[in-house]
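Read the structure below first, then the notes.
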Amino acid sequence: MPNFDQDFEATRLAMLAKQYPEVVKANGKVVFCAEDNEARLSGTRWTVEDDIFEQATESGFKVHLIELLDSFIQYRAQCNELPKKEGVIRFGDGCLNIEWLSDGSTGLS
């Protein structure tokens with residue numbers, strides 16, 4: 001089993017934020033979860049300022065963030081790093097931050 005890199009998620013989120021500065025300067029959050037029996041992203045719930053969802057979709061940010069979340073879930077499963085099924089991404093002021101939550105706390109699973 002590989003050792004978990006504590007900087008993996010923060011580094012990739014910072015790279016994504018640099019790619020999409022206009023999107024991440026707005027306030028928003030994305031709640032996400034994975035299925036119990038799979039280490040794959042299964043659902044998201046977006047809460048963002050008015051026009052940002054459309055901009056996030058059209059610019060490619062939404063797809064890239066979803067792919068990144070799926071990678072994080074798979075990586076945590078490979079390393080047996082907990083928690084690994086649910087969390088929230090918060091953005092605003094040009095930054096993206098992730099908070100992992102205990103299973104069942106997002107209401108998505």
Side-chain angles (χ1 to χ4, degrees):
M1 184 173 354
N3 290 330
F4 183 73
D5 177 357
Q6 297 293 332
D7 296 325
F8 178 76
E9 295 163 351
T11 300
R12 271 127 194 103
L13 288 172
M15 291 167 65
L16 187 63
K18 285 182 182 176
Q19 256 185 291
Y20 298 97
E22 291 301 311
V23 174
V24 298
K25 75 178 181 184
N27 292 318
K29 71 177 182 177
V30 181
V31 178
F32 64 92
C33 73
E35 292 290 333
D36 282 338
N37 57 348
E38 285 188 42
R40 301 301 304 257
L41 182 68
S42 61
T44 60
R45 182 176 59 232
W46 292 68
T47 306
V48 295
E49 292 178 344
D50 296 337
D51 60 340
I52 292 302
F53 188 76
E54 187 175 308
Q55 185 179 354
T57 302
E58 291 174 1
S59 69
F61 172 81
K62 183 179 170 187
V63 169
H64 286 130
L65 181 59
I66 287 171
E67 289 173 347
L68 201 53
L69 289 172
D70 194 50
S71 295
F72 291 169
I73 291 165
Q74 290 177 50
Y75 180 60
R76 281 179 168 259
Q78 287 174 345
C79 297
N80 203 25
E81 182 73 17
L82 297 174
K84 62 183 177 183
K85 296 283 186 181
E86 300 187 27
V88 61
I89 294 281
R90 288 183 179 82
F91 54 95
D93 298 326
C95 296
L96 283 165
N97 296 298
I98 190 166
E99 177 186 1
W100 290 91
L101 305 170
S102 58
D103 291 356
S105 61
T106 62
L108 290 177
S109 56

(Q) Counting neighbours of CD on Glu49 that are heavy atoms of other residues, nucleotides or ligands and sit closer than 6.0 Å, is the number greater than 12? (A) yes
**Q.** Which atom of Cys33 lies closest to which atom of Glu86, heavy atoms considered
**A.** CB-CG, 3.6 Å
(Q) Which residue is it: Leu65, Leu16, Val48, Ile52? I am looking for the one with a side-chain contact (heavy atoms from CB on, under 4.5 Å) to Val23. (A) Ile52
Q: Go through the steps for Tyr75 and Ser71 under the test side chain to side chain contact (heavy atoms under 4.5 Å, CB included), then give the verdict.
A: CA-CA 6 Å; Tyr75 180 60; Ser71 295; 6.0 Å; no
**Q.** side chain to side chain donor-acceptor pair (under 3.5 Å) contacts in which one or both residues fall within residues 16-26, not counting sequence neighbours
**A.** Tyr20-His64, Glu22-Lys25
Q) Roughly how far apart are Arg90 CZ and Asn97 CG, rounded to 0.5 Å? A) 8.5 Å
Q: Locate the shortest heavy-atom distance separating Phe91 from Val30; write the atom from each residue and the value.
A: CE2-CG2, 4.1 Å
Q | Pairwise distance NZ(Lys62) to CD(Gln55) - rounded to 0.5 angstrom | A | 14.0 Å
**Q.** Value rounded to 0.5 Å, distance of CG in Leu69 from CG in Leu13
**A.** 7.5 Å
**Q.** Gap separating the OG1 atom of Thr44 from the CD1 atom of Ile66, nearest 0.5 angstrom
**A.** 5.0 Å
**Q.** Between CG on residue Leu41 and CD on residue Glu67, distance to nearest 0.5 Å
**A.** 10.5 Å
Q. What is the minimum heavy-atom distance between Gly94 and Ala17, and which atoms define it?
A. O-CB, 3.6 Å
Q.
Between Leu96 and Ile89, is there a side-chain heavy-atom distance shorter than 4.5 Å?
A. yes
Please list, one pair per line, the donor and acceptor atoms closer than 3.5 Å that link side chains of residues 4-11 to other protein atoms, with sequence neighbours excluded.
unit_1, atom_1, unit_2, atom_2, d
Asp5, OD1, Asp7, N, 2.9
Glu9, OE1, Arg76, NH2, 3.3
Glu9, OE1, Trp100, NE1, 3.1
Glu9, OE2, Arg76, NE, 2.7
Glu9, OE2, Trp100, NE1, 3.4
Thr11, OG1, Asp7, O, 2.7

Q | Trp46 and Thr57: CA distance, side-chain angles, deciding distance, side chain to side chain contact (heavy atoms under 4.5 Å, CB included) verdict | A | CA-CA 11 Å; Trp46 292 68; Thr57 302; over 6 Å; no
Q: Would you give the length of the straight line joining atom NZ of Lys85 to atom CZ of Phe32, rounded to the nearest 0.5 angstrom?
A: 12.0 Å
(Q) With clusters defined by side-chain heavy atoms of hydrophobic residues (ILVMFWY) lying less than 4.5 Å apart, directly or transitively, does Val31 cluster with Ile98? (A) no
Q. Which pair of heavy atoms, one from Cys79 and one from Pro2, lies closest together, and at what distance?
A. SG-O, 3.5 Å
Q. Mind checking what makes side chain to side chain donor-acceptor pair (under 3.5 Å) contact with Arg40, not counting sequence neighbours?
A. Asp70
